[in-house]
Amino acid sequence: MDKPAINGGTPVRTNRINYGRQYIDEADIEAVVAVLKSDFLTCGPMIPALEEKLCRITGAKYAVACANGTAALHIACLAAGIKEGDEVITTPLTFAASGNCALYCGAKPIFADVRSDTYNIDPKAVEACVTKKTKALVAVDYTGQSCELDELIKICQKNQMVLIEDGAHVIGTEYKGKPNGSIADMTTFSFHPVKTVTCGEGGAVLTNNEDYYRKLILFREHGITRRADLQEKPSHGAWYYEQIALGYNYRLTDIQAALLLSQLNKLPLFSKRRKEIVARYEEAFRDLKGIGLQREIAESNTTRHLYVIRVREEELTIGRKGFFDALALENIYCNVHYIPVYYHPYYEKMGYEKGLCPVAEEIYDGLISLPLFYGMTENDVSDVIKAVTKIALYYQRESK
Ligand SMILES: *Cc1c(COP(=O)(O)O)cnc(C)c1O
């Protein structure tokens, strides 16, 4: 039997592969250089061009580009009117920002458990968390698989909650044939370099609702408006603007917008390649004892942002930590998405305790995110498959 490198065997490869990497080509570079030579580095024509393109891709009526995915979540919560004393339901199996956006507004994040097969927020758990104080649901499309939007919309409508879809993973995915981004009350995107398309740092909020749109623009730009119809006092002249709310500077630059416009041209290509890599992983791991896979619902035509496996300790003599370290010695550098948000000391100090969401906690205990990005070669994919298979076979538990 092939020995894992951690037991003195030969690593499957000599150069390191990481779990994610951006893909930047000459067209991207030229797009950025063109802005650098133009009149506007920020507040220029690239922003509306990008927003139009995001609308075209998703079918949403309005798009508001902003500084990053976290800022997008923050202004979405502000536009939803979330304030002190409110409760906002979200999943624990996400990046901290999905809970922090409620805290920014003085509201309390409430964690609803996930489904044990899809790892997405469980509509039944959401319903059980609703109280008189619940204002919104921040639903994450974990790994890029759409959450069960129809069920969640029903719960939100019944309880007068705003549905904010944290779509940081979801660009390129369709739910029941419609692109995610055009379905929830508001959907947020992130364009961090490990996400499917990137501009370094960047984000956006998509909505079909004009009132949210107006507020999102306002909160992105200091709460300042030049629109006469929104101003409270008479204009002093052509230069006049008014601050009518407390907003932020969450703008995206034209440099970033140009990069993202160019990246979005490649979204179909990125999406296709990610699907191919996922198909190879699924084929290789489907029957591999000791490895659990995320289930895909038929309603989601998924562009995966992450590919996660679960190390099943009941079938292996090695746990997640051992498996993770063994992969690193094969030169496969993975990651874990995510540490349940309420495990963090900051949340613990607010009173959240282990045991709150047992399904998410159990999933976390086995999770590993394998490399998944556009630039992976067939050989890279083969190396990951070889390493995972080698380690899983070496550590099989004797069946009783
Ligand atoms: C990346 C991410 C964010 C935050 O996006 P940034 O652009 O890094 O601020 C929020 N939620 C989820 C689920 C993410 O993966």
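These values consider heavy atoms only, across backbone and side chains, with no hydrogens, waters or symmetry-generated copies. Whatever order the structure lists them in is the order used to number ligands and atoms, beginning at 1.
For Asn68, heavy-atom contacts with ligand 1 shorter than 4.0 Å involve the backbone as well as the side chain. If you look at Phe189 next to ligand 1, there are no close heavy atoms at all, none under 4.0 Å.
Of all atoms in ligand 1, numbered sequentially from 1 with element shown, those under 4.0 Å from a heavy atom of Thr94 are 13 (C). Close contacts between ligand 1 and Gly69 involve ligand atoms 5 (O), 6 (P), 7 (O), 9 (O) [criterion: under 4.0 Å to a heavy atom]. If you number the atoms of ligand 1 from 1 as listed, the ones under 4.0 Å from a heavy atom of Tyr338 come out as 15 (O).
A donor-acceptor contact closer than 3.5 angstrom is absent between the side chains of Tyr248 and His222. In summary, the side chains of Thr196 and His305 do not present any donor paired with an acceptor at a separation below 3.5 Å, with no hydrogens or angles considered. Side-chain contact check for Asp166 and Tyr142: no donor-acceptor pair (N or O, by modelled atom type) lies under 3.5 Å. Neither side chain, Glu148 nor Asn120, offers a donor N or O lying under 3.5 Å from an acceptor on the other.
Comparing Val138, Thr91, Leu93, Asp166 by heavy-atom distance to atom 10 (C) of ligand 1, the nearest is Asp166. Between atom 1 (C) of ligand 1 and the options Lys195, His337, His169, the minimum heavy-atom separation is to Lys195.
Few gaps surround CZ on Arg251; more than 12 heavy atoms of other groups in view lie less than 6.0 Å from it. In Tyr241, the OH atom is not crowded: 12 or fewer heavy atoms of neighbouring residues, nucleotides or ligands sit closer than 6.0 Å.
For atom 12 (C) of ligand 1, the closest non-hydrogen atom of the protein is Ala168 CB, 3.4 Å. Nearest to atom 9 (O) of ligand 1 among the protein's heavy atoms is Thr70 OG1, 2.6 Å.
Heavy atoms of His305 stay at 4.0 angstrom or farther from ligand 1. At a 4.0 Å cut-off, not a single heavy atom of Tyr142 sits close enough to ligand 1 to count as contact.
In the hydrophobic cluster analysis, where Ile, Leu, Val, Met, Phe, Trp and Tyr join through side-chain heavy atoms closer than 4.5 angstrom, Leu259 is grouped together with Phe189.
Taking distance alone, with nitrogen or oxygen atoms compared against 3.5 Å, Ser190 approaches ligand 1 more closely than that limit.
Under a 4.0 Å N-O distance rule, the pair Glu315/Arg312 qualifies as a salt bridge.
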